[in-house]
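Here is the structure we will look at, set down as structure tokens.
So you know, we letter chains A, B, ... as the sequences are listed, proteins then strands, and number each from 1. Note that the coordinates shown come from a computational prediction; the quantities given were computed from them, not determined experimentally.
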Number of protein chains: 2
Amino acid sequence: MGKGARTRATILAAAAETACLAGFDGLNLQPLADKVGMTKSGLYAHFGSKEALQIATLEYAAELFQARVVAPAKTEGAGLPRLAGVFGRWLEWPANAALPGNCPFFAGVVEFDDAAGPVRERLVRLFRDFRAVVEQLVASAVRHGHLGAGTDPAQFAHELLALRYAHHWAQGFMHDPAADARTRAAFARLVGGRA
Amino acid sequence: MGKGARTRATILAAAAETACLAGFDGLNLQPLADKVGMTKSGLYAHFGSKEALQIATLEYAAELFQARVVAPAKTEGAGLPRLAGVFGRWLEWPANAALPGNCPFFAGVVEFDDAAGPVRERLVRLFRDFRAVVEQLVASAVRHGHLGAGTDPAQFAHELLALRYAHHWAQGFMHDPAADARTRAAFARLVGGRA
DNA sequence: GGGACAATAGCACGACCGGTCGGATCTAGA
DNA sequence: TCTAGATCCGACCGGTCGTGCTATTGTCCC
């Protein structure tokens with residue numbers, strides 16, 4: 001790993017932290033350069049444009065998400081245990097990845113929902129891919145008899161995302177101490193209603 | 001209604017549209033002034049600061065929300081019909097209020113979740129007030145026997161917001177044509193599971 | 001050790017940001 | 001009709017934004 005790649009990794013780690021706090025639009029060059037001890041232009045040379053920096057940061061966060069949320073499922077029992085594990089890690093993955101603030105993907109949703117462009121497309125694809133993963137987990141849980149045969153994986157995934165979103169709101173924005181308990185109760189009801 | 005108040009109303013109507021598309025941080029003075037055919041300083045004189053403009057826009061949107069979502073409930077049957085009516089109008093209120101794009105309050109959640117200040121506090125209070133309204137509607141539905149006696153209004157309100165949030169994501173960001181159907185199905189399951 | 005090249009610094013540009021100020025214009029009350 | 005105050009404009013401020021350009025430094029291979 002050459003020096004350039006090492007510096008790039010340092011930048012992206014700092015960029016991911018910034019994205020959690022200020023969103024992808026808040027990935028301004030000067031403050032980010034100050035954070036890693038570089039000048040703005042020195043940092044800029046690694047990416048060539050702000051948009052490229054945003055996409056690289058998105059990619060970096062996606063790898064982190066994959067490693068912290070999805071990958072550990074391999075060691076869990078197939079079906080519901082795996083689904084519950086992924087959901088639990090999904091709730092707390094920013095903290096587990098040493099990221100401050102909230103999930104950067106949710107920040108991107110608001111920032112890019114009315115702004116077409118490659119960053120938005122990349123983010124949409126990330127969400128679609130993860131939803132597909134969730135749907136497969138749900139289908140597997142159905143096959144194992146952990147969820148009722150009539151369960152629609154797409155509908156279940158939609159409601160699971162709703163819970164994650166509400167948790168983001170209740171904990172990150174409203175600072176509601178009951179956020180965790182509410183989310184867990186809702187998940188239990190979501191699973192229980194299909195058993 | 002004097003000329004000043006009329007101009008101010010024109011500005012706020014345009015500001016609400018902008019907030020739906022670009023968020024409250026996107027309420028930049030110059031573009032907004034262009035939109036209403038004024039100069040930046042002429043517009044600025046009505047508010048005194050950008051923060052004051054943001055709060056005024058928030059207030060304006062809140063009044064719109066109250067009128068379009070909550071107020072019509074008075075003519076609906078108490079209990080579940082009223083709850084369902086509010087939820088339905090909650091889903092589509094930006095369109096009903098002739099606002100482009102998505103719900104401005106959800107945009108504010110991301111923009112102000114890590115930025116303390118009066119705008120954030122105002123937004124938190126708006127959410128808290130509306131959640132209290134929802135909880136009262138749920139409690140009323142319980143009293144009318146439309147929902148099971150064991151229903152926790154706070155938990156129900158939390159899950160209802162989750163559905164609204166997921167609808168915002170699926171429709172506004174993912175452009176999922178099934179968003180409406182998924183949200184309606186989830187609402188039916190939420191209500192049905194408590195009956 | 002020197003030469004090639006990646007990596008970074010320094011500097012400047014045009015555009016836009018929120019905000020300020022003096023003065024022109026319009027409105028409303030006496 | 002006259003005037004006081006509300007209203008609005010145009011120019012401008014310091015600052016930050018993303019983006020280029022040229023030097024200079026550092027690194028690594030021969």
Query raised in the report: With a 4.5 Å heavy-atom cut-off, do B/Phe106 and A/Trp169 have their side chains touching?
Result: no

**Report entry** Side-chain ion pair, B/Lys40 and B/Asp34, N-O less than 4.0 Å
**Finding:** no

Requested in this report: Mind checking salt bridge (charged side-chain N to carboxylate O under 4.0 Å, His left out) for A/Arg8 and listing every partner two or more places apart, or none if nothing turns up?
Outcome: none

Query - Heavy-atom protein contacts under 4.0 Å, nucleotides 4-18 of chain D, coded B base, S sugar-phosphate only, - none - result: ---SSBB------SB

Report task. In plain terms, say whether B/Arg89 and B/Glu76 are close enough for a salt bridge, that is, a side-chain N and a carboxylate O under 4.0 Å apart. Result -> yes

Query raised in the report: Does the side-chain contact (heavy atoms from CB on, under 4.5 Å) test come out yes or no for B/Phe47 and B/Ile11, once each step is laid out?
Result: CA-CA 10 Å; B/Phe47 301 96; B/Ile11 294 171; 3.7 Å; yes

